Amino acid sequence: MKERSAKYTPSETEEKWYEHWMKKNYFSSKPDNREPYTIIIPPPNVTGVLHMGHMLNNTIQDVLIRKARQEGKNACWVPGTDHASIATEAKVVKLLREKGIKKSDLTREEFLDHAWAWKEEYGGIILNQLKSLVHPATGTEPLLPWMK
Amino acid sequence: MDEVRSSAVLKVFVDLYHKGKLYRGKRMVNWDPEAKTVLSNEEVLYANENSQLYHVKYQIEGSDEFLVIATTRPETIPGDTAIAVHPEDERYFHLHGKKAVVPVIGRKIPIIADEYVDREFGTGALKVTPAHDMNDYEIGKRHNLEVVEIFNEDATMSREATIYLGEDRFVVRKKFVKDLDNAGFLQKAENYQNNVGRSERTNAVVEPRLSLQWYVDMPSIVKPALENVMNDNVSFFPKNQKNIYKHWMENIRDWCISRQLWWGHRIPAWYYQDDIFVAVNEEEALLQARQKYPDIALQDLRQDEDVLDTWFSSWLWPISVFDGFRNKEEIDYYYPTSVLVTGWDIIFLWVARMIIAGYEWMGEKPFHDVYFTGMVRDKMRRKMSKSLGNSPDALQLIADYGADGVRFGMMSCSPAGGDLLFDEKLCEQGRNFCNKMWNALKLVEGWQTDESKKPSEADQLAFLWLSQKHKELVEEVVKNIDEYRLSEALISIYSFVWTDFCSWYLEIVKPQDGVVSAETKSNTVTLFKNICTLLHPYMPFITEELWHALHEDKAFIDCIVSPFPEVGTYDKDLISKVEQAKEIITQVRDSRNKHGIKMREEIPLHIIETERSRALFQLSGWSELVQKMAFLSSLSTTKEDKDGLVFISGTEKCILGITLQEDTSEMVEEIIKELEYQKGFVTSVLKKLENERFVSGAPAEVVEREKAKLADGKERIKILAEQLKQFNKN
């Protein structure tokens, strides 16, 4: 018989199974002869941090997706593209202002370079944070569709 | 993939343009002066705010007479180009065709008659500022009025305003009111509540502004999207969102899709002189342009500087994530998707538009169901906000209670369609739930097995009962989840695990010496595994951990892909008999507590013989189970009444074989109270059954149920009355 700790220790367990599930590729989906069960993840707000609204929304979806997977369906949970161009642009403009750079002094291309850099650093934060709670389909990183 | 979705957006733009459903036009728009961009109607949030209503005097040209108008926006007075009165308003007949002088500014403007004017508001005279008010703009068009734009794009005063050049509109409001007052043009100012629109993104007060923008002709594409929601082809949960949707769709206005930003899809329109060429790329645009101007080059074309509203790409997600505009394989398989889970706050911005796009380009709905979640609020029903400090740090919660604990906390208080009243205590309850199951695992793991040992009849009955009850639970859970009542489903699993499995089942089969029969151990493990697969969607980590611990064999599949329990038939009669056993045991325990009898002091229990009590005793293991759990010296049926302490379980009269020395007045009082209650109950049921409309109108089974209640009630009254007689005799 195994030695068991007096209390359940979530952090260890969660990391262990998360890695195991990833390794077994349970979250990926390709068309096959099973019945599909698909959910598209609504856009997160680009405020930079996870809040209770996201947690609730994504947990509900994860519950439905997991049940479908256990029912033998081909469960596909896809994040859409990142969004909120006004909010993103406003954030970048503000950040630049703090560095003493005015948007009006930049060309369109220069501004987009700054926006990209910001996106690289903060864009994926919410999805990454969500991973400790739920598991979206893999292989679909947050995307920015209008760029090359 | 980036390019996939980008091309979808451009394709859709070009497609709508060539269908004549997308156009460029100069119109009044909602302008966000902080982000310096136009907004769609759906991105403007209106609320009542406290402000001031200023009564300002305008002199009639060439006379000493003044006309008073009331306005909440005196800073727009420099942009006035008319005064409007109602054509039938007798007070102003004599002013038709005359001119008024704009106070302080000095411009002379016509006094016009227009039926739009509300005679009851203020003085019945309206200042008309076509450049900065939606309605005034329409009046201006009808009367060919001059349009004077007094604001820059950041809502500071422009050159045309002639005063306070470059100063902010709200600063100017104060200064200009002072100017009006000093010059004797301000009659009075009073407190006033008006409806103010603010930008959803920046919270800036939205400024109506005349501007050249791109629009989608929405009325031309909404029809199938409206019909298919109203007939539930696309099902909304909760249903009441359908009314909101219907109202919006029936009053839909054109969608302004251009934004004065750099971050986003640049509008695929190229200009040359007065011509517009819309194409998916500049090469295509050039080809189009050369049809008319054979000699022009790429550098002669100028692409639109603006980008598209972010929702103009989001409304295509259900199609574009599967590359559905170019590639058939994935879209044919995955589309329509199963369900959309989202907040009701983006029903127009996103949900409705996805449905519209689905029918426009796929000829099919984008999803079968839409589940609208409620808002997350605190336990006092307040919205979570930074300023209230009532929004917990999500990551800290996970660190404190574990992901499963937090998931439990959120899912257990989110009734379908209702707001989530979040309380950190619920996460704590989730963590405790994990520990409860963890301890159960340790208990079961600790049991030694003895192959030669046979399980007792009570153990076998307990297993049968819980297996049946699990099936009943599965039926309830599946039904609830199908209707998106996820909280209700979780609560019923929780109570099954905590109460039925841990507090009852494990207590019944738990051996004194730590040795169980192999059969009991394997039965227990089976029940535990069934719990894991049922609970896994809600609490995936702990259930996967338990699942692995419960498998001693090598070959098995992970919990995450193990079949979700299927709905099947179950023995309701058996469940009800064991539930009655539980009730009797609980009553014996309560009686012990009340009368100071030790838990393990063995006492006899008699149950008056009836058809029901005979059936209970006939069930294999039933009396053994009651006797064991209630610590009874004996358990039997009896035809005759006996002395002792009486209680009622269902319709069964039970007599505990103890004599009570102490004062019984309290108990007599309780019996009288209970007797009164039962009499009231019987009267109310009788009334119902005497009601002709109820008896003829209600379904037969409902009437039968009421009759059964009446019979039960009468039976209880009989027993209670006897009990009372017994006490009085003593």
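Reminder, nothing fancy here: chain letters follow the sequence lines and each chain counts from 1. All values derive from a computational prediction rather than experimental measurement.
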Looking at [options], which has the largest count of heavy-atom pairs under 4.5 Å with chain A?
| options | answer |
| --- | --- |
| T533(B), I542(B), V561(B) | I542(B) |
| E545(B), E552(B), E34(B) | E545(B) |
| L441(B), N435(B), V351(B) | N435(B) |

Ignoring hydrogens, what is the shortest heavy-atom contact between S338(B) and P36(A)? Give both atom names and the distance.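 The answer is OG-O, 4.2 Å.
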Taking the side chain as C-beta and beyond, is there a heavy-atom pair between [X] and [Y] under 4.5 Å?
| X | Y | answer |
| --- | --- | --- |
| I39(A) | L340(B) | no |
| Q70(A) | I560(B) | no |
| T13(A) | D404(B) | no |
| L64(A) | Y484(B) | yes |
| Y37(A) | V339(B) | yes |

Run the salt-bridge test on K16(A) and E544(B) with the 4.0 Å N-O cut-off and return the result as yes or no.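 So K16(A) does not pair with E544(B) through a salt bridge.
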With the threshold set at 4.0 Å, does a side-chain nitrogen-carboxylate oxygen contact exist between E305(B) and R108(A)?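 Between R108(A) and E305(B) there is a salt bridge, with a charged N closer than 4.0 Å to a carboxylate O.
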Best-contacting candidate, S5(A), P31(A), P10(A), against chain B by heavy atom pairs under 4.5 angstrom: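 Most heavy-atom pairs under 4.5 Å with chain B: P31(A).
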If you tally heavy-atom pairs under 4.5 Å against chain B, which of G72(A), S11(A), A6(A) wins?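 Most heavy-atom pairs within the cutoff with chain B belong to A6(A).
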In Å, rounded to the nearest 0.5 Å, how long is the span from [atom1] of [X] to [atom2] of [Y]?
| X | Y | atom1 | atom2 | result |
| --- | --- | --- | --- | --- |
| I40(A) | S320(B) | CD1 | OG | 7.5 Å |
| R69(A) | S562(B) | CZ | OG | 12.0 Å |
| F564(B) | K73(A) | CZ | NZ | 10.5 Å |
| N57(A) | L420(B) | CG | CG | 11.0 Å |
| Q61(A) | T373(B) | CD | OG1 | 9.0 Å |
| S487(B) | I60(A) | OG | CD1 | 8.5 Å |

Heavy-atom distance under 4.5 Å to chain B: side chain of [X], backbone, both or neither?
| X | result |
| --- | --- |
| T9(A) | neither |
| Y26(A) | side chain |
| K103(A) | both |

Is there a side chain to side chain contact (heavy atoms under 4.5 Å, CB included) between Y333(B) and D32(A)? Walk through the geometry before answering. CA-CA 8 Å; Y333(B) 180 72; D32(A) 58 24; 3.2 Å; yes
For Y8(A) and N439(B), does a side-chain donor sit closer than 3.5 Å to a side-chain acceptor?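 There is no such pair (donor and acceptor under 3.5 Å, judged by atom type) between the side chains of Y8(A) and N439(B).
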Y334(B) and S29(A): side-chain donor and acceptor closer than 3.5 Å?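 Yes - a donor-acceptor pair under 3.5 Å links their side chains.
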Distance-only, no hydrogens or angles: does the [X] side chain make a donor-acceptor pair with backbone N or O of [Y] under 3.5 Å?
| X | Y | answer |
| --- | --- | --- |
| E89(A) | W263(B) | yes |
| T59(A) | R407(B) | no |
| E71(A) | P563(B) | no |

Over 12 non-hydrogen atoms of neighbours within 6.0 angstrom of CD in Q303(B):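 Counting neighbours around CD of Q303(B), more than 12 heavy atoms of other residues, nucleotides or ligands fall under 6.0 Å, so yes.
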Are more than 12 heavy atoms from other residues, nucleotides or ligands located less than 6.0 Å from atom CD of E110(A)?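 Check passes, neighbour count above 12.
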Would you please test E330(B) and K30(A) for salt bridge (Lys or Arg N to Asp or Glu O under 4.0 Å) and show each step? CA-CA 8 Å; E330(B) 286 201 354; K30(A) 281 199 181 92; over 6 Å; no
Classify the angle between the aromatic ring planes of H548(B) and W17(A) as parallel (below 30°), tilted (30 to 60°) or perpendicular (above 60°).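 Answer is tilted, since the angle falls between 30° and 60°.
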Which bit of F422(B) is near chain A, if near means a heavy-atom gap under 4.5 Å: side chain, backbone, both or neither?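 Only the side chain of F422(B) comes within 4.5 Å of chain A.
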Which answer fits D369(B), side chain, backbone, both or neither, if we ask what part of it has an atom under 4.5 Å from a heavy atom of chain A?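 Neither part, no heavy atoms under 4.5 Å.
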For the ring pair W262(B) and F111(A), is the centre-to-centre distance below 6.0 Å?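 Yes - the distance between ring centres of W262(B) and F111(A) falls below the 6.0 Å cut-off.
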